[in-house]
Amino acid sequence: MNQIVLALTTAIALATSASAHSKSEQTTPANEAVVATVDKIEIRFDDPMRVTAISLTGPDGDVEIARETGLDPVATFRAVPVAAISAGVYTVEWRGLSADGHPMQSSFGFTVAN
Ligand SMILES: [Cu+2]
């Protein structure tokens, strides 16, 4: 009986780790960084993420960005600002679909100083 319980516990633990959410590991610019300019926005994931929505908001509101990676799951998501970015505090918000199929969302921020 105890062996059956142990085997079940192990199976559940394996299933849980195999279906863990993808998550954001690092970003460019780094969260809370102070940068002189922004020529790209990158989000690196531990497992491929399908980024379904992303926005960049600054002191003057929404900033237009162009995706360089499409709607397929990627380990590194990349987008570029369409125009030069002025000084101020910015927030990137994104939503996506994790490799295990769960919807994810997160945000990070940085300051452009010049
Ligand atoms: Cu999940």
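In each ligand, atom 1 is the first atom listed, and ligand 1 is the first ligand listed. From a predicted model like this one, the values you see are computed outputs, not experimental measurements.
- When all heavy atoms of Asp60 and Ser86 are compared, the closest pair comes out as OD2-OG, 3.9 Å.
- The residue from Val38, Val89, Val34 that alone fulfils the side chain to side chain contact (heavy atoms under 4.5 Å, CB included) condition with Phe110 is Val38.
- Note on His21: its N/O/S atom closest to the Cu ion (ligand 1) is ND1.
- Heavy atoms from other residues, nucleotides or ligands lying under 6.0 Å from CZ of Arg95 number 12 at most.
- The two residues Ser22 and Ser98 come nearest to each other via the heavy atoms N-OG, 2.6 Å.
- Of all N/O/S atoms in Asp100, OD2 sits nearest the Cu ion (ligand 1).
- The Cu ion (ligand 1) sits nearest to atom ND1 when only the N, O or S atoms of His102 are considered.
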